Amino acid sequence: MDSYTTPVLSISHITKTYKGGKTAVKDLSLIILPGDIYGFIGANGAGKTTTLKSVVGILNFEAGKILIDGLDIQKQPLECKKILAYIPDNPDLFDQLTGLQYLNFIADVFSLSENDRNDRISKYAMDFSLTEALSNLISSYSHGMKQKLAIIGALIHQPKLFVLDEPFVGLDPESTYRFKEIMKEFVSNGSAIFFSTHVLDTAEKLCNKVAIIKNGSLVASGLMNELTNGESLESRFLEVVNG
Ligand code: ATP
């Protein structure tokens, strides 16, 4: 048996400097494997969003390399975007569409068959109690409903890599619970999730791996149980960032 598994995401030594001179990410490397739910934590301004946007091809970076399932995000952006999904911290959806029109639009972009799109839309809408609201205009949705619609839109093409910035903000307790279950089911098929969060107890329970970023540099990463080593993630985090 081949013992080498292609990482779903490989970040090697990336550095990103914004116009104006701020180096937000410095020589950062990280490997994410099939089945990983990888949490990404750090203080405000530490460089999480900059890293996530670099991974999904929204931001350019001046040094290093990012591979999505072996494909280079800077050289093969379209091929990479076909196999990833990204939800920013404040998703901007098309307000003038209904939820269902939006999901069908996404399904068209990813050339999903009629059967696949219908099955997945009805499954995820049911999971998130959004079935009835799908016929309403997105402009009438609450923040949490928009977040749920964005999640369904991201999942219907079954990406290999799912990247999320602060995904639990605005979700009610039941939706949070359902989403965590969906995340676990999703990675069981060989996909992976990489998400930033400030909700450390959720990350501690949900993620098998975690990375801590401070001032643009990775200061700890690896298996959650090895990193916490019997302590809470919160106390380990405080030790690492203040140490
Ligand atoms: P938060 O937890 O507050 O969302 P973050 O870890 O996601 O923070 P980033 O948004 O990646 O942090 O920001 C990292 C650094 O880069 C910060 O110092 C920020 O001020 C800076 N930065 C972010 N976007 C830009 C930009 N467009 N131009 C210049 N500097 C930026």
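As the structure lists them, so they are numbered: ligands from 1, and atoms in each ligand from 1. Worth saying up front: this structure is predicted, and the values here are computed from it rather than measured.
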Basic-acidic side-chain contact under 4.0 Å: D119, K123: no
F162 and F179 aromatic ring geometry - parallel, tilted or perpendicular at 30°/60° bounds: perpendicular
Basic-acidic side-chain contact under 4.0 Å: D95, K146: yes
Non-neighbouring partners of K209 that pass salt bridge (Lys or Arg N to Asp or Glu O under 4.0 Å), sequence neighbours left out: D36
Parallel, tilted or perpendicular: ring planes of Y102 versus F94, cut at 30 and 60 degrees: tilted
Residue shell around ligand 1, heavy atom under 4.0 angstrom: Y18, K22, A24, A43, N44, G45, A46, G47, K48, T49, T50, H198
Short side-chain to backbone donor-acceptor contact, E166 and H198, under 3.5 Å: yes
